[in-house]
Amino acid sequence: MNILLIKLSHSFRQILLFSVLVFAFPLPVESLELDELDHMLTEMEGKRTQNPQFIVDSLKEIDSISEEMSEEQKYRTILLQAHSLAMNGKVEEAIDFLVFHLKVIPSTQFLFYRTRMLGLLANAYSFNNQFSLSLQTLQELLPLLGDIDDIESEVSGYRLAIELFGEVKMKQEALNYANILYDKFDHIASPRHKCFVAFYYAESFSGVYETSSSRWSEIEVLYRNAFESCEVANEKMIMASAALGQAKILINRESFLKAKGLINNALALSSSIPYPLDIAEAYLLLAKIETKNDQPRLGVEWLKKALAIGLTTTDSQLLSKIYKPLAEISEQLGHSDQALKYLKLYQERYSEILGATQSKIIAFETTKLDYLEKERQIRYLNKDRELYTAKAALNESQRSNERMMNTLIVGSLVLLAIFAVVMTMQKRKYKQLAQHDALTGIFNRGTAQNIAENSYIKTASKRGMFSVIMFDLDYFKRINDNFGHGTGDWVLKKVAEVINKASRSDDIFARFGGEEFALFLPGTDEMKANVMAEEYRGLIQSIETRFSGHTFDITASFGVSTSSEDDLSLDPLLHRADIAMYHSKELGRNCVTLYKPEIELSRSGYQKSKMALR
Ligand SMILES: Nc1nc2c(ncn2[C@@H]2O[C@H](COP(=O)(O)OP(=O)(O)OP(=O)(O)O)[C@@H](O)[C@H]2O)c(=O)[nH]1
């Protein structure tokens with residue numbers, strides 16, 4: 001029974017059960033632990049195909065300790081249980097059992113066991129003719145194979161895909177999976193799996209290219225390689241199948257002698273097992289050779305031998321392969337009745353095969369449609385997600401643009417504000433510099449005159465009095481000469497400070513140049529101005545010069561003038577104050593002179609020459 005199931009190229013059902021039997025082997029070495037239960041599980045895994053009863057008994061035995069098992073041990077036991085059920089013909093129970101455990105096994109952990117369980121389930125479904133479910137399970141299994149990094153699982157999973165796709169005549173797909181496996185050939189440790197992989201590749205390649213003569217030599221090489229790999233593994237059945245595959249190509253090339261040699265080799269291998277399906281296949285090829293050699297009677301003899309075996313198997317595929325040439329040769333030999341009988345038998349078997357294949361193709365198409373629909377839904381979901389992501393990105397970029405704009409605007413405003421403040425400060429500074437005397441900090445002549453002019457007009461318009469005091473430090477040159485310019489500067493600053501402090505808020509005080517100062521006094525008559533000038537003169541005289549580092553006297557000569565009705569501007573007042581001030585100089589300095597017209601008449605040459613210099 002087992003031998004029949006192991007054949008790879010005749011019955012799909014049998015191939016699948018074979019897969020069920022081998023799929024869970026071997027478990028990775030690293031999953032084994034050296035305690036008693038692990039030993040037992042390893043022993044069970046080793047014996048499960050040869051001794052199903054041992055597995056049944058052992059499973060009962062370990063059931064009592066199932067609660068104490070580690071997760072790994074549990075999954076190993078689950079695989080053994082599912083396998084045992086399938087082996088004992090309880091395929092549906094095995095399916096239910098696996099479906100249940102696949103639902104509860106964590107989706108991200110224990111991928112290895114999940115893969116093994118899916119593989120078993122896909123095989124079991126297929127064995128039970130539930131092709132649609134088998135394909136669905138396979139679709140779940142295949143993407144996991146790349147993740148588990150377990151070459152043996154990959155071999156088993158892809159092999160199942162090759163078988164299923166081959167079975168629904170999707171030969172190119174089968175070859176694609178065979179190709180994936182063949183690429184891993186050098187990384188496969190087990191000689192047995194190497195043998196399978198090489199043979200599957202040769203079979204799939206032949207399935208696609210058998211009819212194109214340009215590829216025959218390639219097919220031959222692949223079968224020869226498969227034969228050699230299987231020889232290493234001592235897999236006699238596959239060796240026989242590989243020899244027959246190679247022989248088929250040689251027959252196509254009409255290299256009959258060589259083909260016969262290979263067929264005889266395959267017969268010897270199959271008979272030693274014995275393996276009837278390959279024996280029948282060998283007879284079929286021998287019949288083909290005889291027919292091509294114009295030996296139809298010999299051909300019929302081989303076909304009848306094959307039929308004898310075929311009838312014991314009830315394998316429709318094999319029988320149809322035998323009945324067809326039998327009908328053809330019978331007709332060739334003129335045995336019309338016989339030919340008709342074989343033809344009818346062929347048709348019966350062929351429609352059986354067609355029906356089975358058709359149902360598998362329908363299952364496949366349904367699964368494919370289902371899969372495409374799921375893919376479409378996923379695409380839509382992805383599109384939605386992409387759209388959402390794109391929208392979110394757009395919103396985010398809009399938000400960041402707005403943020404950037406806001407930052408720019410706020411930043412610009414802040415910069416503008418800073419700029420405006422700086423500019424104002426600069427302006428103020430330059431205005432200050434332009435309007436004030438750099439040394440003393442009081443108004444310079446131009447500014448003071450402008451301001452005073454306005455003030456004068458205002459005062460005059462109200463018929464108020466306006467006075468001007470001018471004073472010039474006495475013998476200032478001597479201070480410079482005696483104590484240096486630094487001391488001279490100190491004196492100028494000190495005088496400005498003292499008078500500025502003493503002056504009223506509406507008064508306009510300015511340095512007119514050099515050691516000469518002026519005070520513009522709105523709303524002040526001659527008398528008041530005279531008193532103020534006296535006060536200021538006294539203040540200057542009392543300046544304590546010790547703090548300059550030297551001790552000396554500071555005095556100033558004052559001139560005072562007050563507006564009259566004839567004065568249309570400040571200029572006449574200034575002029576008169578100036579005359580009065582020089583009059584004070586002439587009088588001996590350190591005094592105050594009120595302007596009187598008589599002073600002007602008595603001006604000395606000194607006065608005139610000094611004023612002319614100004
Ligand atoms: N240290 C200092 N000296 C200045 C400044 N401006 C003008 N002077 C000096 O002031 C002096 C004025 O001299 P004079 O015009 O001869 O007048 P004076 O020595 O005060 O004599 P009288 O006015 O006749 O009393 C000059 O030596 C100028 O160099 C200044 O800003 N700092």
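What you are looking at is a predicted structure, and each value in this text was computed from that prediction instead of being measured. Whatever order the structure lists ligands and atoms in, that order sets their numbers, starting from 1.
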Report yes if [X] has an N/O atom closer than 3.5 Å to an N/O atom of ligand 1; otherwise report no.
| X | value |
| --- | --- |
| Y475 | yes |
| G488 | no |
| R478 | no |
| L473 | yes |

Can you tell me how the ring of Y456 sits relative to the ring of F466, calling it parallel under 30°, perpendicular over 60° and tilted otherwise? perpendicular
Are the side chain of N123 and the backbone of G119 linked by a donor-acceptor contact shorter than 3.5 Å? yes
Extract all donor-acceptor atom pairs below 3.5 Å that involve side chains of residues 177-190 and protein atoms in other chains or at least two apart in sequence.
residue : atom : partner : partner atom : Å
K184    : NZ   : E154    : OE1          : 2.8
S190    : OG   : R192    : N            : 3.3
S190    : OG   : H193    : N            : 3.0
S190    : OG   : H193    : ND1          : 3.2

side-chain hydrogen bond (donor to acceptor under 3.5 Å, both in side chains) contacts touching residues 543-562 (sequence neighbours left out): S467-T562, D474-T555, D474-S557, E544-R546
G514 heavy atoms, cut-off 4.0 Å: which ligand 1 atoms fall inside? 6 (N), 7 (C)
Closer than 4.0 Å to some heavy atom of L492 - which atoms of ligand 1 meet that? 30 (C), 31 (O), 32 (N)
Looking only at the aromatic ring of each residue, does the gap between the centers of F552 and F483 stay below 6.0 angstrom? yes
Tell me which part of D472 gets within contact of ligand 1: side chain, backbone, both or neither, using heavy atoms under 4.0 Å. side chain
